Chemist: 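Sending over a structure as structure tokens; questions will come in a sec.
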Amino acid sequence: MERLETFAALLLEENRKQNLISRKSEDSLWLRHMADSAQLLGFVSRETSGPWLDLGTGAGFPGLVIAALRPEMRVVLVESRARRVEFLERVCEALSLKKVRVEGKRLELVEPFEAAVISARAFAPLTKLLSLSAPFSTRATTYLLPKGRSAAQECDKLPKKRRALFHVEQSITDAEAGIIVGQGG
């Protein structure tokens with residue numbers, strides 16, 4: 001909890017310099033961002049050691065929350081915007097997150113590796129996200145994709161064979177939001 005409190009303080013301070021989260025959502029930081037990210041751990045076995053690949057991590061959601069709660073897990077944060085990369089690196093240092101690697105580039109330029117988990121929050125539409133993340137996905141990869149109200153519609157747009165690998169779970173932080181959960185392959 002101490003790591004999350006430090007992360008929250010650093011985030012709110014940095015949000016004065018660059019728009020990491022909307023000013024409106026600052027008041028609901030713990031529910032809207034922290035708890036929303038933390039709930040993803042409920043879909044992953046405790047034995048999973050990573051790597052957890054977080055695409056377009058932005059301010060660190062959900063990747064930094066996952067790393068703060070499970071500091072023994074290898075987490076790779078992909079973020080192409082330089083100012084956000086600098087912020088993510090500062091937070092990792094402040095929280096002593098030794099197993100987090102920040103990739104400050106577009107996903108297409110990251111050296112592929114086999115990810116145990118792939119997460120993304122507001123990164124890209126599902127079909128594009130699956131295509132871009134394919135080099136990191138194996139049959140054993142778990143996808144955890146908070147998609148808000150569009151979760152079911154995005155799943156429905158997948159080809160039938162691919163759709164069978166994914167389903168929508170109800171978010172515990174927002175009655176109108178869904179999380180797309182699936183397996184790679």
Side-chain angles (χ1 to χ4, degrees), residues 1-16 18-46 48 50 52-70 73 75-79 81 84 87-88 91 95 100 107 115-130 132-133 137 141-158 162-184:
M1 197 61 192
E2 187 178 313
R3 280 189 291 271
L4 290 180
E5 289 172 355
T6 300
F7 174 31
L10 292 169
L11 175 83
L12 292 173
E13 179 184 321
E14 184 68 20
N15 210 42
R16 303 286 173 252
Q18 63 172 311
N19 188 32
L20 296 170
I21 61 172
S22 72
R23 299 269 191 242
K24 188 176 164 186
S25 74
E26 285 182 352
D27 292 337
S28 57
L29 172 64
W30 285 96
L31 180 66
R32 170 88 174 83
H33 299 290
M34 299 292 195
D36 190 61
S37 296
Q39 73 178 319
L40 298 182
L41 283 171
F43 298 101
V44 178
S45 163
R46 216 43 204 141
T48 302
W52 182 304
L53 175 62
D54 188 31
L55 310 177
T57 198
F61 302 111
L64 272 180
V65 173
I66 300 304
L69 293 170
R70 297 268 312 273
M73 182 182 284
V75 176
V76 179
L77 308 174
V78 178
E79 176 55 53
R81 293 167 285 191
R84 291 190 181 193
F87 167 72
L88 295 168
V91 172
L95 303 182
V100 175
L107 180 60
V117 179
I118 296 175
S119 63
R121 194 173 175 221
F123 176 69
L126 182 59
T127 52
K128 183 176 182 179
L129 188 154
L130 294 175
L132 288 170
S133 66
S137 178
T141 300
T142 299
Y143 278 88
L144 299 172
L145 311 169
K147 284 290 192 174
R149 295 180 180 107
S150 71
Q153 296 88 341
E154 290 196 49
C155 261
D156 288 344
K157 290 180 184 176
L158 291 174
R162 193 83 199 248
R163 193 175 334 134
L165 300 173
F166 293 87
H167 68 281
V168 177
E169 292 282 343
Q170 175 66 52
S171 169
I172 62 171
T173 62
D174 183 344
E176 297 180 14
I179 301 165
I180 297 175
V181 179
Q183 292 302 125

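Please read these numbers as outputs of a predicted model, since none were measured by experiment.
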Chemist: Of all residues at least two apart in sequence or in a different chain, which pass the side chain to side chain donor-acceptor pair (under 3.5 Å) check with Arg163?
Modeler: none

Chemist: Side chains of Val117 and Leu144: does their closest heavy-atom pair fall under 4.5 Å?
Modeler: yes

Chemist: Looking at side-chain heavy atoms only, is the closest gap between Thr57 and Val78 below 4.5 Å?
Modeler: no

Chemist: For a 4.5 angstrom cut-off between non-hydrogen side-chain atoms, does Asp54 reach Pro62?
Modeler: yes

Chemist: About how many Å separate CG of Asp156 and OG of Ser150, when rounded to the nearest 0.5 Å?
Modeler: 11.0 Å

Chemist: Under the ring-ring contact (aromatic ring centres under 6.0 Å, His included) rule, collect the residues that match up with Phe166, sequence neighbours excluded.
Modeler: Tyr143

Chemist: Side chains of Leu55 and Ser133: closer than 4.5 Å at any heavy-atom pair?
Modeler: yes

Chemist: To the nearest 0.5 Å, how far apart are CD in Glu5 and CG in Leu10?
Modeler: 12.0 Å

Chemist: In chain order, what residues pass the side-chain contact (heavy atoms from CB on, under 4.5 Å) check against Ala8, with sequence neighbours excluded?
Modeler: Leu29, Trp30, Met34

Chemist: Output all residues satisfying ring-ring contact (aromatic ring centres under 6.0 Å, His included) with Phe87, sequence neighbours left out; order by chain, then residue number.
Modeler: none

Chemist: If you take all heavy atoms of Asp36 and Ser171, which pair is closest and at what distance?
Modeler: OD1-OG, 3.7 Å

Chemist: What's the separation between atom CG in Leu11 and atom CZ in Phe61, rounded to the nearest 0.5 Å?
Modeler: 5.0 Å

Chemist: Let's go through Leu130 and Leu158 carefully: what are the C-alpha distance in whole Å and the side-chain angles of both, what is the deciding distance for side chain to side chain contact (heavy atoms under 4.5 Å, CB included) to 0.1 Å, and is it a yes or a no?
Modeler: CA-CA 10 Å; Leu130 294 175; Leu158 291 174; 3.6 Å; yes

Chemist: Pick one: which of Thr142, Ile118, Leu40 meets side-chain contact (heavy atoms from CB on, under 4.5 Å) with Trp52?
Modeler: Leu40

Chemist: Arg3 side chain to Ala68 main-chain N or O, any donor-acceptor pair under 3.5 Å?
Modeler: yes

Chemist: Who are the side-chain contact (heavy atoms from CB on, under 4.5 Å) partners of Arg32, not counting sequence neighbours?
Modeler: Ser25, Ser28, Arg121

Chemist: Check Ala120 against Leu129 and note the closest heavy-atom contact, atom names and distance.
Modeler: CB-CD1, 3.5 Å

Chemist: Just jot down the salt bridge (Lys or Arg N to Asp or Glu O under 4.0 Å) partners of Glu154, sequence neighbours excluded, or say none.
Modeler: Lys147

Chemist: Under the side-chain contact (heavy atoms from CB on, under 4.5 Å) rule, collect the residues that match up with Ala35, sequence neighbours excluded.
Modeler: Leu31, Thr173

Chemist: Output all residues satisfying side chain to side chain donor-acceptor pair (under 3.5 Å) with Ser37, sequence neighbours left out; order by chain, then residue number.
Modeler: none

Chemist: Test of understanding: with salt bridge (Lys or Arg N to Asp or Glu O under 4.0 Å), list the residues that count as partners of Arg70, not counting sequence neighbours.
Modeler: Glu72

Chemist: Who passes salt bridge (Lys or Arg N to Asp or Glu O under 4.0 Å) against Glu26, sequence neighbours left out?
Modeler: Arg16, Arg23

Chemist: List the atom of Cys155, the atom of Val168, and the distance in Å for their closest heavy-atom pair.
Modeler: SG-CG2, 4.0 Å

Chemist: Any sub-3.5 Å donor-acceptor pair from Thr141's side-chain atoms to Ala115's backbone N or O?
Modeler: yes

Chemist: When rounded to the nearest 0.5 angstrom, what distance separates NE2 in His33 from CD1 in Ile21?
Modeler: 4.0 Å

Chemist: Without placing hydrogens or testing angles, list every side-chain donor-acceptor pair under 3.5 Å for residues 174-182, not counting sequence neighbours.
Modeler:
unit_1	atom_1	unit_2	atom_2	d
Asp174	OD1	Glu176	N	2.9
Glu176	OE1	Arg149	NE	2.5
Glu176	OE1	Arg149	NH2	2.5

Chemist: As an exercise, state the distance from CG of Leu88 to CZ of Arg81, rounded to the nearest 0.5 Å.
Modeler: 9.5 Å

Chemist: For Ile172, does its backbone N or O pair with a side-chain atom of Gln39 as donor and acceptor, under 3.5 Å?
Modeler: yes

Chemist: Enter the distance from Leu77:CG to Ser119:OG here, rounded to the nearest 0.5 Å.
Modeler: 8.5 Å

Chemist: Checking Gln18 now: which residues fulfil side chain to side chain donor-acceptor pair (under 3.5 Å) with it, not counting sequence neighbours?
Modeler: Glu14

